[in-house]
Amino acid sequence: MSRFLLGRLIQSAILLVVVSVIGYVILGLIPGGPLSQFGLDPGLTAADIERLKEQMGLNQPLWMRYLDWAWKLLHGDWGVSLRDGTPVLTVIARHLVATLLLMGSSTVIAVAAGTWIGIRSATRRYSAFDYAATVGAMVALSIPTFWFGLVGIYVFSLKLGWLPAGNMYTIGDASVLDYLHHLILPSLVLSLVHIAVWSRYMRTAMLDAINQDFVKTARAKGVAERRILMKHVVGNALLPMITLAGVQLPSILTGALVTETVFTWPGMGRLFYDSLGYSDYPVVMGILMFSAIVVILGNLIADVVVALVDPRIRLA
Amino acid sequence: MTDHDHTTHLLSRRAALRLGLAGGIAGLGLPHLLGKPAFAQGATAKEAAKKAPAGRVVVGITQEPTVFNPLMLKIEVDDGVHFSLFDALFRIGPDGVITPNLAAEVPTQKNGGISEDGLNWRVRLRDGVRWHDGRPFTAEDVKYTLELITKPNFRAWRTAGHSLLRDITVVSPTEITWRMEKPFSPYLSFLTETFIVPKHVLETAADPNTADFNKAPIGTGAFKWGKRTAGDNLELVANRDYHGEGPYIETLVFKYIPDLTVFYTQFKSGDIDLTGQTYITPDNYKEAKTLPNKVVTLVPRQTIETIYFNLEKPQFKELAVRQALYAAVDKGAIIDALYYGVPSVTESYMPRSSFYFNDKLPKQTFDVKAARKLLDEAGWKPGKDGIRVKDGVRLSFNNTTTSGDHLREQVQQFLKQSWADIGVEMNIANQPAAVLWGDFWAKSQFDTVIAGVTYMVASDPDVTNRFHSSSIGAKGGRGSNTAQYANPEVDALLAKGTGTFDPEERRKIYTRVQEIVRHDLPFMPIFQYTVPLGHKSSVKGFVPNPNTRTESWNAAGWSRVG
């Protein structure tokens, strides 16, 4: 196990270096840069722009900027935002809570509903429910989230007036109930796609398990159908789902740009998009590295958990 | 002198008296350019002032304010916050009037605040003003502020004007003087957007670029720092000890809504009380006007929609070519069909609201025949492919604007056809904003660009930065003359304009500059932006001000009814 972990650690480190180089170079090669948005400011002269470039260290060659940034990162200094001088980790932390709230709740809904639909579809294969679930999943997957979001706002906010038209809380209220009220629509909309994905995977995994010999053996032994389903089938079907969860885990922390935009949710997705728009290199790179680390960790955790729960797998 | 109303009355009376004695005829002819309370809206405002501030106004904006040190590099939405948290020495009203704010009077050559040669300035300050932390505001703070802006390591926003200051001297807590390296009349306007910061807070910071102050600022403004939810909103609370008029509302919230469709939806649903900075889009204007309990007004902006020529490109060196291209543009059709008739047609770079606007410029007439004739006479003959040629130069060029700007993309299609009609080829070559407004624009790497350009800095008519031949970035200049325009007469007039303090004299100068620029056509003026701004009818005291960059310049005067 420890050898496995060490190997993974080295792999991950190399991966992070590659990600950081590619990210930094691509970002640096895009013409324009953080000061181009001031190109039309009538009072900011070309001389002012040159001065700011120098103050921000933007007039240095790309490789020097990269090395400087990477060296500081190795020492735990993630840099400061070029927009307002806030430390990058503070900027990320400020947006992380909102994203956790939205993605966390939608993931809980998605996993619960998706698993249930998947199991039911598999056990009642080709039933009306199964067909409805299949069609529903296709619809949820093919219609863009922003459309669901806008329709949701139109129906439940503007027409019925039941739910707020976006935002994380009512300005001046901000009670727990108020947060929950605001959370309903965006988390439901966001979970639609995840329910679709999750239910399809679950159904397939269930069908794989149902046809295994040990299920037939259990049936032949006369084990109750319910027990077969819960212990033998679902138990085995959940194994591949752990890996899937590992892949999906990072999105809980990196946010959902479209949903966050439609619902004016101040999460990580928006932060990344805004920072790209302002060419706020330190923040963009910070989010990129943060996401890369979370992806690596997510996969690692999934692998370890699978090994722990599945006695057939041993990590060398 | 603690009663504010009292103070301003005294001051205006004193100012009037001094003027009368000096017999300033020009000054009396221009009473609106002299000191008077900024947004005292008559008796109702005064009555409201006696009540405790109540209610809340949520301003919707589509960019997030993040810069709270008002002297640092910033964008328009940051300005909106700064106007509420801080005060400048002077304030500029919608009519272009400059009035005292932290200053006690507006210095002029008439009242002796500015010396005859324009070099020595003396500013008297208001007494009894306190910072949000209770410490008194003094001339030391002004000195600290003006010096901080030009500190080498400080990431300051605009430094023009400030860099001319020498020998800043604190005469007394309520009086400060300085000398300028050369006379520079626009400086008074620049000071209307130079917010004063507290010395006692900032001087203790190791690096003013990263001071704690920048995250929780302390000002003298009508509102104090409340709390910020990053990426979502910023809440300011009423400063009950404000030295000026107001505030009448308890909380002022700036709410960030990045998406334009969602922005309008939240205006409709009532989540935001007032549309700031990014306005209601023209296509929604018609519906917005019919919404119940909402007031939607058309507000002029200083920005002019233009098509810029790069005058160093061989195609555009000849005036006849520029005139022909201009004559072939149907400006009326662009405004009516594509912009829903909202903006207003213009011939000048100067906004109509300006005191210096020249309304006698020749009107462009859409005339394809005249355009063809101009090109024929100038010797541009159609080649085999129908595109005109002269001395080996094909009359073909790229046109660039921000990619993804659907309205402008339609304008481009329209221009392409119009110019094809007169034997001119235009190719569309759009670029993302971050690319376009970088070196591509600043170093004049384009052929033609469609751009919304603001020419005025803090409403001063000086345009040295845009039209002086020493301001061409592509030729090592230090300004934004991206058309690479050079005219010796304009150069001379601009130099004269910044050395002249008398508004009437300056009006003559800039009237002439507009005439020459209109004749030389370094760009084609299409229209002046007019934007629909909306607010709930329960929000009172909203006054748009084209002389500032924000709709929230007078949030101190806003109140809530019902």
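Below, read A as the first sequence line, B as the second, and so on, with proteins coming before strands; counting in each chain starts at 1.
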Would you mind checking which part of B:K74 comes under 4.5 Å of any heavy atom in chain A, side chain (CB onward), backbone (N, CA, C, O), both or neither?
backbone
Turns out that what part of B:A156 lies under 4.5 Å from chain A's heavy atoms comes down to both
Over all heavy atoms of both residues, which pair between B:E64 and A:Y278 is shortest? Give the atoms and the distance, please.
N-OH, 4.4 Å
A:A165 and B:S269 have their tightest heavy-atom pair at CB-OG, 4.2 Å
About how many Å separate CG of A:L40 and OG1 of B:T482, when rounded to the nearest 0.5 Å?
8.5 Å
Reported CD-to-OG distance for the pair B:Q266 and A:S157, which is rounded to 0.5 angstrom
9.0 Å
Quick one: which of A:P34, A:G39, A:G277, A:A46 has the most heavy-atom pairs under 4.5 Å with chain B, could you say?
A:A46
Treating [X] as the side-chain partner and [Y] as the backbone partner, does any N or O pair qualify as donor plus acceptor under 3.5 Å?
{"X": "B:N465", "Y": "A:T45", "value": "no"}
{"X": "A:Q55", "Y": "B:P152", "value": "yes"}
{"X": "A:R94", "Y": "B:G231", "value": "no"}

Residue pair A:L44 / B:L73, side-chain heavy-atom distance below 4.5 Å
yes
Would you kindly say whether B:D259 and A:T261 are connected by a side-chain donor-acceptor distance under 3.5 Å?
no
What residues of residues 263-276 of chain A make heavy-atom contacts with chain B at a cutoff under 4.5 angstrom?
A:T264, A:P266, A:R270, A:D274
Quick one: do A:D41 and B:R158 make a salt bridge, cutoff under 4.0 Å?
yes
Give the table of side-chain donor-acceptor pairs shorter than 3.5 Å for residues 68-78 of chain A, with sequence neighbours excluded, one pair per line with atom names and distance.
{"residue": "A:H75", "atom": "ND1", "partner": "A:W71", "partner atom": "O", "Å": "2.7"}
{"residue": "A:D77", "atom": "OD1", "partner": "A:G79", "partner atom": "N", "Å": "2.9"}

